[in-house]
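Worksheet: the structure to be examined is printed underneath.
Only this structure's heavy atoms are used, side chains among them; waters, hydrogens and symmetry mates stay out. Treat the numbers as computed from the prediction; the structure is a model and nothing was measured.
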Amino acid sequence: MNPHKDILAALLFCPMLAGCFSTTSDVGQKPLVYQFSKTAKVSTVRFPGIVQASQSLDISLKEGVGGVVRWLKDEGSQVASGDLIATIDMDSFETELESHYTNLRHSREQISEFLAKNPTELERIQNEALLKERNLEGKIFEDRQLHKGKPDDERQRAAADLSRSHYEVAYAHQLLEFQKNVSDKGFDTPFALRKSALEAASKEIEKDYNQRRIERLQAGPLPEEMARAAFQIDVASGERWLAGKDVLSASAARAISRKTFDFNIDIWNARVRETEERLSQREIRATKAGMLIHPILWGSKVQPGSEVWEGLVFLKVISTGSYLLDAAIDENLSSVIKTGASATVFLDSVPEKAFQGIVSLVGKVPRRNMYRRSDFKRFPVQISVELGSLPVRVGQKGTVVVEVGRGEGVFLPRDLVAMEGASASVRLWRNGSVATIPANIENFDGDTVKWLDPPEAEGELAW
């Protein structure tokens, strides 16, 4: 209620009203006055609002999925969490899933074949490398033996062979001399003599061989023998190195092939999981309880047979029982309303019943008027209210009453206080005269201030 309007009404209709103020046009007579006293005061603001759902769940496809609507639950239906509300046909993704399963099976068959035959090939290369290693060890042993010389038993055998050759040569020459005498006397053929000569020459050759053999054993290895042994060691070492590299290469190739097969299997597993997650949206279920709404898209609502895709909101589940009253109010009202303040809500459909609510939002940015330009800024305010099982439709209108101030003391109309900068003063009527005195005040609401230091509990102020 505006005190200014009350005073003006009293001036127009009750000029002789006693106890509030009196008027005179004569100098020295009592001026227009305002009776003040200590009272308790509650200040409220009232504004209209529109019922909105406090919570709304948008239903749309996700993860790059698209399909054709097969079935939708009727609009306005009450749904519980987990209820089936829509089914979608996704034939292309079902075909894609079958292809992914085929590729996954093929990759698993490949790795099975690889694991079955690859160890045999690797073992063959490892065995070849082991043979090369043994060959190198043999060549190194031969080189050491060559530098070490022949063993004593071989030297003794050579000496024995040479000694035996001397005896055999001497015996062969004796037989040759005897055969000559026989031949000279005509008791044998020339062929027998020739045979004895050849045997004697053979023994000479054998003795010469054994003699050179002794000399060879005493002289040690020849340079060409040492060079040949070193060359054979180098060749065997190179072959062993190449065989080792073949083993490393085969092992690395096997590891790379195994990782490639594993990677392919992981890729197809991931694609199978991704496609299965997409196909899980063929049946859409409500994740919260509420009422089902079919929003309007491009002038119509989605029907069975309509195509839907990722991000397109084709269903909504709004909460029931808990609502918001959405309003846009003037700046002078929004400045005195605080978030968390209690509010009383009256619906146009049941104006006789009051519902308790709480101010849940006081906007700091004015709401843009989409239909007309205006110099008056209006700020959004939302009131949370529980309506229980009352049948309420979204978009229904109502009225909100918010308490913005409550206190006890002396309250004055703003027009009764003179302001000069930050200083305030009032005109006190006392003992037939007007005295201007300073006043300590604080804001109470848009029309009223609280006088913190009145000189007395009640009295009169001149306008």
Side-chain angles (χ1 to χ4, degrees), residues 1-3 39-59 75-81 286-293 295 313 316-371 374 376-408 411 442-448 450:
M1 182 176 293
N2 193 325
T39 59
K41 185 175 180 60
V42 177
S43 178
T44 61
V45 294
R46 179 184 294 263
F47 51 87
I50 298 177
V51 176
Q52 300 289 348
S54 62
Q55 294 181 341
S56 175
L57 175 64
D58 293 340
I59 306 297
E75 185 174 16
S77 301
Q78 293 291 329
V79 297
S81 179
T287 57
K288 62 182 297 184
M291 183 172 64
L292 192 65
I293 298 296
V313 178
K316 286 187 176 183
V317 178
I318 64 173
S319 61
T320 54
S322 177
Y323 291 90
L324 293 175
L325 255 76
D326 185 73
I329 62 176
D330 294 338
E331 185 175 7
N332 62 333
L333 293 181
S334 68
S335 63
V336 298
I337 297 178
K338 305 300 181 183
T339 301
S342 60
T344 304
V345 176
F346 299 92
L347 298 179
D348 290 358
S349 59
V350 282
E352 71 283 356
K353 187 172 182 179
F355 299 92
Q356 294 303 311
I358 296 177
V359 178
S360 58
L361 171 69
V362 179
K364 303 301 182 182
V365 178
R367 180 170 292 176
R368 183 179 179 185
N369 193 327
M370 300 296 294
Y371 302 102
S374 174
F376 296 99
K377 296 180 179 179
R378 298 180 66 81
F379 291 78
V381 175
Q382 289 183 346
I383 312 299
S384 298
V385 59
E386 296 290 335
L387 300 179
S389 59
L390 187 68
V392 177
R393 296 192 311 274
V394 173
Q396 185 175 340
K397 295 181 179 180
T399 301
V400 181
V401 179
V402 180
E403 181 182 310
V404 296
R406 178 185 292 270
E408 186 175 348
F411 298 94
E442 68 177 14
N443 293 328
F444 183 72
D445 58 25
D447 300 319
T448 309
K450 184 177 181 179

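Of all non-hydrogen atoms in L324 and S384, the two that sit nearest each other are CD2-OG, 3.3 Å. F346 approaches A354 most closely through the heavy-atom pair CE2-CB, 3.5 Å. The minimum heavy-atom distance linking K450 with E408 is given by the pair NZ-O, 3.1 Å. Taking all atoms of both residues into account, the shortest heavy-atom contact from I383 to A343 is CG2-CB, 3.9 Å. A pairwise comparison of heavy atoms in F411 and K41 identifies CE1-CB, 3.6 Å as the closest pair. What you find for I337 and V404 is that their closest heavy atoms are CG1-CG1, 4.0 Å.
To the nearest 0.5 Å, atom CG of residue L347 and atom NZ of residue K353 are 9.5 Å apart. If you take CD1 on I293 and CD on E75, they are separated by 5.0 Å, rounding to the nearest 0.5 Å.
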Discussion item. Please evaluate residues F47 and V402 with respect to the criterion side chain to side chain contact (heavy atoms under 4.5 Å, CB included), reporting the C-alpha separation (whole Å), side-chain torsions for both, the decisive distance (0.1 Å), and the verdict.
Written reply: CA-CA 9 Å; F47 51 87; V402 180; 3.9 Å; yes
Worksheet item: M291 and V317: side chain to side chain contact (heavy atoms under 4.5 Å, CB included), yes or no, with the steps?
Response: CA-CA 5 Å; M291 183 172 64; V317 178; over 6 Å; no
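Applying side-chain contact (heavy atoms from CB on, under 4.5 Å) to F355 and the options T344, L325, V350 leaves one that passes, V350.
Atom NZ of K397 sits in a sparse spot, with 12 or fewer heavy atoms from other residues, nucleotides or ligands closer than 6.0 Å. In L57, the CG atom is crowded: over 12 heavy atoms of neighbouring residues, nucleotides or ligands sit closer than 6.0 Å.
Panel note: side chain S360, backbone Q382; a donor-acceptor pair is recorded below 3.5 Å.
Counting only heavy atoms from C-beta outward, the side chains of T448 and S43 never approach each other to under 4.5 Å.
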